[in-house]
Amino acid sequence: MQILDGKLVSAAIKAQLADKVTELKALGQKVPHLAAILVGNNPASETYVASKVKSCAEIGYHSTLLRFDEKISEKHLLDNITLLNENADIDGILVQLPLPKHINEEVVINTIDPSKDVDGFHPVNVGKMVSGLPTFIPATPYGIMLMLEHYNVPTKGKHAVVIGRSHIVGTPVSILLSRNSNPGNCTVTLTHSHTPNLKELCLQADIIVAAIGRPNFVTADMVKEGAVIVDVGINRIEDASKKSGFRLVGDVDYNAVAEKCSFITPVPGGVGPMTIAALLKNTYHAAVGQKGNMN
Ligand SMILES: NC(=O)c1ccc[n+]([C@@H]2O[C@H](COP(=O)([O-])OP(=O)(O)OC[C@H]3O[C@@H](n4cnc5c(N)ncnc54)[C@H](OP(=O)(O)O)[C@@H]3O)[C@@H](O)[C@H]2O)c1
């Protein structure tokens, strides 16, 4: 069994991007600038945004963090996004999700200029992705594809079972894995909470992508020998031995499943760091006007 080490691959991608920033500076060109919007005090969102901002600094990008109270009106939030859209110094905009219930996420995403939508959630970019056109690929699915590519994980002709059909993970992963590309060329089964025979499908899978949000959901009896396991889940479970009072686990029962599979992503240290690396790649592409990744 080989661990798909997201920390290691993301560090390599960040080092490449840092070199590109050095080149831009040497040519007297502006460095990429990411604007992140955080609404409220959701602890997980705080952590995610903090690591995105920190990663920007590490590789020489500029970043701007806009923080708003959770009671912010939708209009005020949209006005701020419009200002970022119009600001030529800002290359990429990300709005950390989830947003408070009184704010319509769809309206917010649709307000971001598609050419600055480095999370790849705007319908224009989703449409381009589905059509196989150059665009921003949503960061988590893009990170997963970069990881499979880095480790030369065989995907052609394989049966991939994706568990979870969210717009940000499951659905785009299923599209990317089924593309005529490398990685890609899988036969994909996209499953969700209404799938009656999930265990049976998983047992047929050469590749399982688990994006459910339930700790240890995928157990060893659901996995065939030699399968590839990509665990997207990030779940906080109570752990009195930790200072924080919790620890992070994935959607996969790691220790038992790892014994059976050929490749597996750990949590933490798997898909999480790859998501940030992919976001940074998208931001670079936004800054230099190339949206050719994954095509
Ligand atoms: N590593 C990263 O960078 C990263 C990035 C994004 C998300 N995540 C994590 O990934 C997990 C999933 O996130 P998400 O945003 O995709 O979640 P989500 O929007 O809540 O979607 C969860 C999906 O799981 C499906 N599901 C729930 N129970 C199921 C069951 N018993 N059997 C089969 N499918 C079931 C749901 O089906 P229905 O559609 O039928 O409800 C839904 O499609 C979370 O733990 C999240 O924190 C990690």
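Order of appearance sets the numbers: ligands from 1, and atoms from 1 within every ligand.
Note: the hydrophobic cluster containing L78 also contains F121 (ILVMFWY, side chain heavy atoms under 4.5 Å, direct or indirect links). Hydrophobic clustering places I13 together with L148 (ILVMFWY residues linked when any side-chain heavy atoms are closer than 4.5 Å, directly or through intermediates).
Heavy-atom separations between I234 and ligand 1 include at least one value shorter than 4.0 Å. For G170, the heavy-atom gap to ligand 1 stays at 4.0 angstrom or more. Taking a 4.0 Å cut-off on heavy atoms, T191 fails to register as neighbouring ligand 1. Residue contacts with ligand 1 include R214, since one of its heavy atoms falls under 4.0 Å from the ligand.
Ligand 1 places these atoms under 4.0 Å from at least one heavy atom of F217: 30 (C), 31 (N), 32 (N). In the vicinity of G233, heavy-atom distances shorter than 4.0 Å reach the ligand 1 atoms 9 (C), 10 (O), 11 (C), 45 (O). Close approach to T275 involves these atoms of ligand 1, each under 4.0 Å from a residue heavy atom: 2 (C), 3 (O). Listed by atom number, the atoms of ligand 1 under 4.0 Å from N235 heavy atoms are 45 (O). Taking a cut-off of under 4.0 Å to the non-hydrogen atoms of G272, the atoms of ligand 1 that pass are 1 (N), 3 (O).
The CG atom of L190 sits 10.5 Å away from atom CD1 of I163, with the distance rounded to the nearest 0.5 Å. Taking OG from S174 and CZ from R179, the interatomic distance works out to 11.0 Å, rounded to the nearest 0.5 Å.
With respect to atom 40 (O) of ligand 1, the closest heavy atom belonging to the protein is S193 OG, 2.6 Å. Nearest non-hydrogen protein atom to atom 44 (C) of ligand 1 is G213 CA, 3.6 Å. In terms of protein heavy atoms, atom 34 (N) of ligand 1 is closest to H192 C, 3.1 Å. Atom 5 (C) of ligand 1 has T140 OG1, 3.2 Å as its closest protein atom, hydrogens excluded (heavy atom only). Protein heavy atom at the shortest distance from atom 15 (O) of ligand 1 is I168 CD1, 3.5 Å. Remark: minimum distance from atom 6 (C) of ligand 1 to any protein heavy atom is reached at V169 CG2, 3.7 Å. From the protein, the heavy atom lying nearest to atom 25 (C) of ligand 1 is G164 CA, 3.9 Å.
Taking only nitrogen or oxygen atoms, main chain and side chain alike, S166 reaches within less than 3.5 Å of ligand 1. Considering backbone and side-chain N/O atoms, D251 never comes within less than 3.5 Å of an N/O atom of ligand 1. The shortest N/O to N/O separation between R165 and ligand 1 falls below 3.5 Å.
At a cut-off of 3.5 Å, with distance as the only test, no side-chain donor of D251 or N216 sits close to an acceptor on the other residue. Side-chain contact check for K52 and Q96: at least one donor-acceptor pair (N or O, by modelled atom type) lies under 3.5 Å. Side chains of H33 and S63: no donor on one and acceptor on the other come within 3.5 Å.
Neither the backbone nor the side chain of T195 comes within 4.0 Å of ligand 1, counting heavy atoms alone. Residue-level proximity to ligand 1 for V232 is carried by backbone and side chain together, each with a heavy atom below 4.0 angstrom. Counting heavy atoms under 4.0 Å from ligand 1, residue I212 touches it through both backbone and side chain.
Taking 4.0 Å as the cut-off between side-chain N and carboxylate O, K158 and D206 do not count as a salt-bridged pair.
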(request) Given salt bridge (charged side-chain N to carboxylate O under 4.0 Å, His left out), test R67 with E46 step by step and report yes or no. (result) CA-CA 10 Å; R67 296 196 64 136; E46 297 250 10; 2.8 Å; yes

(message) If you apply the rule side-chain contact (heavy atoms from CB on, under 4.5 Å), what do you find for H62 with D91, and how did you get there?
(response) CA-CA 10 Å; H62 292 157; D91 301 300; over 6 Å; no

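Atom 13 (O) of ligand 1 is not flagged as protein-proximal [any protein heavy atom, distance under 4.0 Å].
Side-chain contact between S10 and I276 is absent, with no heavy atoms from C-beta onward closer than 4.5 Å. Contact of the L17 side chain with the Y61 side chain is registered, since non-hydrogen atoms from C-beta on lie closer than 4.5 Å.
Residue K260 qualifies as enclosed at atom NZ: its count of foreign heavy atoms under 6.0 Å is above 12.
Shown are N125, T283, V126, L279; of these, the side-chain contact (heavy atoms from CB on, under 4.5 Å) with F136 is made only by N125.
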